[in-house]
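Every chain is numbered from 1, with letters handed out A, B, ... down the list of sequences. All of these numbers come straight from a predicted model, not from anything done at the bench.
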Amino acid sequence: GNSVTQMEGPVTLSEEAFLTINCTYTATGYPSLFWYVQYPGEGLQLLLKATKADDKGSNKGFEATYRKETTSFHLEKGSVQVSDSAVYFCAQNSGGSNYKLTFGKGTLLTVNP
Amino acid sequence: GAVVSQHPSWVICKSGTSVKIECRSLDFQATTMFWYRQFPKQSLMLMATSNEGSKATYEQGVEKDKFLINHASLTLSTLTVTSAHPEDSSFYICSARDPGTAKEAFFGQGTRLTVV
């Protein structure tokens with residue numbers, strides 16, 4: 001079945017450090033891939049997405065590239081800020097629906113000044 | 001983006017009682033909402049798809065009599081955990097599809113349920 005495996009946290013970085021959160025998936029077919037972010041006390045927000053192989057999603061300085069050959073969608077940011085502290089979830093859609101998602105376990109990121 | 005509000009944010013209840021969680025779409029009409037559950041250090045797992053005006057569709061292994069879902073209007077879906085037990089303690093989160101932005105679902109802030 002479909003699954004998502006992401007790097008377990010927590011991850012603690014200093015401000016302006018480089019961030020990578022690994023995510024790999026298993027799927028039948030060609031899912032769309034997503035990164036969601038959950039700031040403290042808030043709901044999940046879509047951070048970025050990619051709908052086909054080699055697509056790069058980007059938003060707020062974050063990037064992730066859909067790699068079919070390695071079934072990966074790693075999240076990167078060149079210089080993190082304290083305000084990036086949150087839980088990050090990698091996800092894929094299931095059964096062709098954009099709304100029915102399979103999530104990874106989430107990775108807690110803490111950025112210190 | 002569209003706003004989905006979930007209430008309450010947290011609740012503590014006694015074993016054997018029932019708890020209702022509300023999920024509202026504040027600025028759009030949601031024909032479909034989804035309910036997820038997250039155990040500590042685990043993924044969010046889809047529990048059921050809530051369809052306005054019809055019965056919910058439950059995922060395999062989810063007890064429909066235990067987790068009652070009602071989607072009586074285009075802006076409100078409710079999840080009732082009946083006869084709650086400590087093993088039902090979890091984080092419940094809903095999402096709603098905004099037909100106006102066909103490629104995205106919007107999430108509520110989640111409800112932390114603790115059954116004592």
Side-chain angles (χ1 to χ4, degrees), chain A residues 1-11 21-27 31-52 55 57 59-60 66 73 86-109, chain B residues 1-10 21-26 28 30-52 56-62 77 91-112:
Chain A
N2 297 338
S3 68
V4 175
T5 304
Q6 70 180 95
M7 179 173 131
E8 290 204 28
V11 174
I21 301 177
N22 291 337
C23 172
T24 57
Y25 67 93
T26 59
S32 294
L33 302 173
F34 306 84
W35 275 100
Y36 281 84
V37 58
Q38 185 175 31
Y39 298 104
E42 298 184 16
L44 272 71
Q45 302 174 27
L46 179 64
L47 180 60
L48 53 85
K49 65 182 181 185
T51 58
K52 61 183 188 296
D55 267 3
N59 185 26
K60 300 182 181 179
Y66 190 144
F73 193 55
V87 180
Y88 292 82
F89 293 92
C90 186
Q92 63 166 303
N93 63 340
S94 305
S97 166
N98 281 320
Y99 322 107
K100 196 171 170 180
L101 300 169
T102 300
F103 286 90
K105 293 183 180 181
T107 303
L108 173 63
L109 169 66
Chain B
V3 178
V4 174
S5 176
Q6 196 170 331
H7 178 80
S9 297
W10 60 270
I21 302 169
E22 295 185 348
C23 180
R24 293 181 184 274
S25 55
L26 297 187
F28 65 97
T31 54
T32 306
M33 292 185 175
F34 300 89
W35 287 97
Y36 294 84
R37 178 176 182 178
Q38 185 181 29
F39 293 102
K41 299 185 180 180
Q42 300 293 320
S43 302
L44 277 76
M45 302 297 295
L46 180 66
M47 298 174 66
T49 303
S50 172
N51 303 299
E52 187 269 333
T57 304
Y58 289 82
E59 295 299 302
Q60 190 173 8
V62 178
S77 175
F91 185 70
Y92 295 88
I93 189 164
C94 68
S95 73
R97 168 194 172 194
D98 177 2
T101 58
K103 299 298 184 183
E104 185 175 348
F106 296 93
F107 285 81
Q109 71 270 43
T111 298
R112 173 73 59 191

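- Scored by the side-chain contact (heavy atoms from CB on, under 4.5 Å) test, T32(B) finds F34(B), T49(B), N51(B) as partners (sequence neighbours excluded).
- A perpendicular orientation is assigned to the rings of Y36(A) and F107(B), their planes being inclined by more than 60° (bins at 30° and 60°).
- Proximity of the aromatic rings of F89(A) and Y36(B) is defined here by a centroid distance below 6.0 angstrom, and this criterion is not met.
- Only the side chain of Q38(B) has a heavy atom closer than 4.5 Å to any heavy atom of chain A.
- When all heavy atoms of M33(B) and S77(B) are compared, the closest pair comes out as SD-CB, 3.3 Å.
- Both the backbone and the side chain of L44(B) come within contact range of chain A, judged by heavy atoms closer than 4.5 Å.
- Heavy atoms closer than 4.5 Å to chain B are found nowhere in E8(A), neither backbone nor side chain.
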